Colleague: 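Mind looking over this structure? Questions follow.
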Amino acid sequence: MIIVTTDFVPGKEVKALKGLVRGSTVQSKHIGRDIASSFKTIVGGEIKAYTEMLDDARKKALDRMTAEAERLGANAVISMRLESSTVMGAASEIIAYGTAVTVE
């Protein structure tokens, strides 16, 4: 599966438009991570537990988007975007979306 953020795949021609595809996941904070992370906010620096959690969430969203594109018979997703939003105080959604196409 080719995934690009551009409106085209360089060197390929779009033969069929399959439609919008998306994948998302909602991740919540973990109390253990929160306690450890609160100390990090005092001294500064990267909060690795949250970095890992968000990396995992992005991967899940991309995998789900790719699976949806494959079900539609696409071999590429163009104009792919990632977004996040707060669902509630302790949870965030990560969503990957784009246009599924067939390219040659």
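Just so you know, these numbers use all the heavy atoms, side chains as well, and skip hydrogens, waters and symmetry mates. Please read all numbers here as calculations on a predicted model, not as lab measurements.
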Colleague: If you define the side chain from C-beta out and look only at heavy atoms, does anything of Glu104 sit under 4.5 Å from Glu13?
Modeller: no
Colleague: What do the steps show when you test Asp55 against Lys59 for salt bridge (Lys or Arg N to Asp or Glu O under 4.0 Å), and what is the final call?
Modeller: CA-CA 6 Å; Asp55 282 344; Lys59 183 181 179 333; over 6 Å; no
Colleague: When clusters are formed by joining ILVMFWY residues with side-chain heavy atoms under 4.5 Å apart, either directly or through shared neighbours, do Leu82 and Val26 land in the same one?
Modeller: no
Colleague: So, Lys60 and Asp56, do they make that salt bridge, N to O below 4.0 Å?
Modeller: yes
Colleague: At their closest point, which heavy atom of Asp7 faces which heavy atom of Ile78, and how far apart are they?
Modeller: O-CD1, 3.5 Å
Colleague: Please check: side-chain N/O of Arg22 versus main-chain N/O of Ala96, any donor-acceptor pairing under 3.5 Å?
Modeller: no
Colleague: Atom CE of Met80 and atom OG1 of Thr66: how far apart are they, to the nearest 0.5 Å?
Modeller: 9.0 Å
Colleague: Report yes if some heavy atom in the side chain of Leu20 is under 4.5 Å from a heavy atom in the side chain of Lys18; otherwise report no.
Modeller: no
Colleague: Are Val103 and Val4 connected in the hydrophobic side-chain network, where two residues link if heavy atoms are under 4.5 Å apart?
Modeller: yes
Colleague: Is it possible for you to say whether Ile3 and Leu72 belong to one hydrophobic cluster, with membership spreading through side-chain heavy-atom contacts below 4.5 Å?
Modeller: yes
Colleague: Side-chain contact test, heavy atoms from C-beta onward, threshold under 4.5 Å: evaluate it for Met65 versus Val77 and give yes or no.
Modeller: yes
Colleague: To check you understand the geometry: which heavy-atom pair defines the closest contact between Gly73 and Thr102, and what is its length?
Modeller: O-OG1, 3.6 Å
Colleague: Answer yes or no: is there an ion pair linking Glu83 with Arg81, defined by an N-O contact shorter than 4.0 Å?
Modeller: no
Colleague: Evaluate the side-chain proximity of Val21 to Thr99: yes if any heavy-atom separation is below 4.5 Å, no if none is.
Modeller: no
Colleague: Does any part of the side chain of Thr25, heavy atoms only, come nearer than 4.5 Å to the side chain of Gln27, both counted from C-beta?
Modeller: yes
Colleague: Side chains of Glu93 and Ser24: does their closest heavy-atom pair fall under 4.5 Å?
Modeller: yes
Colleague: Examine Met1 and Ile95 and state if one hydrophobic cluster contains both, with Ile, Leu, Val, Met, Phe, Trp and Tyr joined whenever side-chain heavy atoms are less than 4.5 Å apart.
Modeller: no
Colleague: Tell me whether Tyr97 is reachable from Ile94 by hopping between hydrophobic residues (I, L, V, M, F, W, Y) whose side-chain heavy atoms are closer than 4.5 Å.
Modeller: no
